[in-house]
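The block underneath contains the structure these notes are about, expressed in structure tokens.
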Amino acid sequence: MRRNYVVAAIVAATIAVPTMAADVAGLMKTQPVFSTQTNKNMYDLERCMIEVDAPIMPHVYRQPDRPQRTLFVWDGGGGVGGVSAAAQLDGTENTKITFWGREKILRRIQPCIDLAYSG
């Protein structure tokens, strides 16, 4: 019986551990690590950035009132407020890419951009 209380206490403590909220806006207020205009279309870039072999899968956000903008967010706690990196794609043709955060993620999506990046 006492063992059940111990197990219940451990489970409750694990659930009650405070987590850090992802502060995407805070990261995007910092200086971008990288920004470029490409000759790629937004949908090809999206597919490539989702399929790339990265240690952390991105969350993809799109708003109905901004159909020509996509936001990628990689969480993982290695950056501002629990966000490792963020990339914003603007425009469906000749898409502009703006990237904030860890260069490790930028190196992973570099082939999608088709650009030799040296950081």
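For the side chain to side chain contact (heavy atoms under 4.5 Å, CB included) test, residues two or more places apart in sequence or in another chain that qualify with Ala85 are Trp74, Phe99, Ile105. The side chain to side chain contact (heavy atoms under 4.5 Å, CB included) test applied to Tyr43 returns Asn41, Glu46, Arg47, Arg62, Thr92, not counting sequence neighbours. In this structure Arg108 satisfies the side-chain hydrogen bond (donor to acceptor under 3.5 Å, both in side chains) test with no other residue, sequence neighbours excluded. For Ser35, the side chain to side chain contact (heavy atoms under 4.5 Å, CB included) criterion is met by Lys96, Thr98, not counting sequence neighbours. A search for salt bridge (Lys or Arg N to Asp or Glu O under 4.0 Å) contacts involving Arg66 returns nothing, not counting sequence neighbours.
Between Pro64 and Pro67, the shortest heavy-atom distance links the atoms O-CD, 3.8 Å. When every heavy atom of Leu27 is checked against every heavy atom of Trp100, the shortest pair comes out as O-CD1, 3.5 Å.
Rounded to the nearest 0.5 angstrom, Thr70 OG1 and Leu45 CG are separated by 9.5 Å. In this structure, the separation between CG on Asp44 and OG1 on Thr95 is 8.5 Å, given to the nearest 0.5 Å. Atoms CE and CE, on Met49 and Met57 in that order, are 11.5 Å from each other to the nearest 0.5 Å.
Taking 4.5 Å as the limit, every side-chain heavy atom of Lys40 sits out of range of all side-chain heavy atoms of Ile113.
In this structure, the side chain of Gln88 does not engage the main chain of Arg69 through any donor-acceptor pair within 3.5 Å.
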Hey, mind stepping through Asp75 and Val83 against side-chain contact (heavy atoms from CB on, under 4.5 Å) and telling me if it holds?
CA-CA 4 Å; Asp75 61 7; Val83 179; 5.5 Å; no
